[in-house]
Amino acid sequence: SKADPGERGHQHLLTPVPCGTENFALLRRCNRAYISAMNSPLKLIALDADDLAVISAHVQAARVQAADIIWRQDEKRLVIGLNRLDWEQTLAGEAVPQSLIAALRFDRVLACKSRNIDPKSPESLLELVGIEFCPGDEPGGSALLLFSHGGALRLDVECLECELTD
């Protein structure tokens, strides 16, 4: 039987993933989803470096499992499933922010390279430190995702298009 053309090229960043695999490994273990203190899921879009800095602040200290980094080369898209802390709760007076399930998506990605992320350990847990944008030939450049312990992803993009959604 023929595979759905939308699923061709769906692969894990580090190792191949069978077509149709959409479940995020780390996120499946969560017992419940938590809705933000504002009672509505967060949705942010970044089209420039300043926008990306806002998204970076929201994903600081997010937990990412290597298996939840999915590179869809044919679609020029990288999707990362993560558990982020709801920093807005601290602004609302809560002492400890709750964990939220979220997806971070980059579109128009020409290339994706990794450093110090072990492809043989899809269960390894990473902590996202932040995201930066390094401009190149306008409107393109590179988005750099920095993880604790020296891990990094560099995404060469046609132009910056990033979305964070709870």
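The minimum heavy-atom distance linking Gly130 with Ser56 is given by the pair CA-OG, 3.4 Å. Taking all atoms of both residues into account, the shortest heavy-atom contact from Cys112 to Leu78 is SG-CD1, 4.0 Å. Shortest non-hydrogen contact noted between Val79 and Arg105 is CG2-CG, 4.0 Å.
Cluster membership check: Trp87 does not share its hydrophobic cluster with Ile80, using side-chain heavy-atom separations under 4.5 Å among Ile, Leu, Val, Met, Phe, Trp and Tyr. With hydrophobic clusters built from ILVMFWY side chains whose heavy atoms lie under 4.5 angstrom apart, Leu44 shares a cluster with Leu52. At a threshold of 4.5 Å between side-chain heavy atoms, the hydrophobic network of Ile, Leu, Val, Met, Phe, Trp and Tyr places Ile69 and Val129 in two separate groups.
Atoms CG and CG, on Asp118 and Leu126 in that order, are 10.0 Å from each other to the nearest 0.5 Å. Distance CG/Leu128 to CD/Gln60: 9.0 Å, rounded to 0.5 Å. The distance from atom CD1 of Ile45 to atom CD of Glu163, rounded to the nearest 0.5 Å, is 5.0 Å. Between the SG atom in Cys162 and the CG atom in Leu104 there is a gap of 4.5 Å [rounded to 0.5 Å].
Without hydrogens or angle criteria, Asp51 side chain to Leu47 main chain gives a donor-acceptor distance under 3.5 Å.
The side-chain heavy atoms of Leu42 and Leu164, taken from C-beta on, include a pair separated by under 4.5 Å.
Of the residues Lys43, Arg84, His58, the one that meets the side chain to side chain donor-acceptor pair (under 3.5 Å) test with Asp166 is Arg84.
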Atom pairs and distances, donor-acceptor, side-chain atoms in residues 133-160, under 3.5 Å, two or more places apart:
unit_1 : atom_1 : unit_2 : atom_2 : d
Ser142 : OG     : Asp156 : OD1    : 2.7
Arg154 : NE     : Asp156 : OD1    : 3.2
Arg154 : NH2    : Asp156 : OD2    : 3.3
Glu158 : OE2    : Lys76  : NZ     : 2.8

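Residues passing the side chain to side chain contact (heavy atoms under 4.5 Å, CB included) test with Ala53: none are found, sequence neighbours excluded. Residues passing the side chain to side chain donor-acceptor pair (under 3.5 Å) test with Arg77, sequence neighbours excluded: Glu75, Asp107.
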(request) Step by step, work out the side chain to side chain contact (heavy atoms under 4.5 Å, CB included) result for Leu100 and Leu85. (result) CA-CA 6 Å; Leu100 297 170; Leu85 296 175; over 6 Å; no

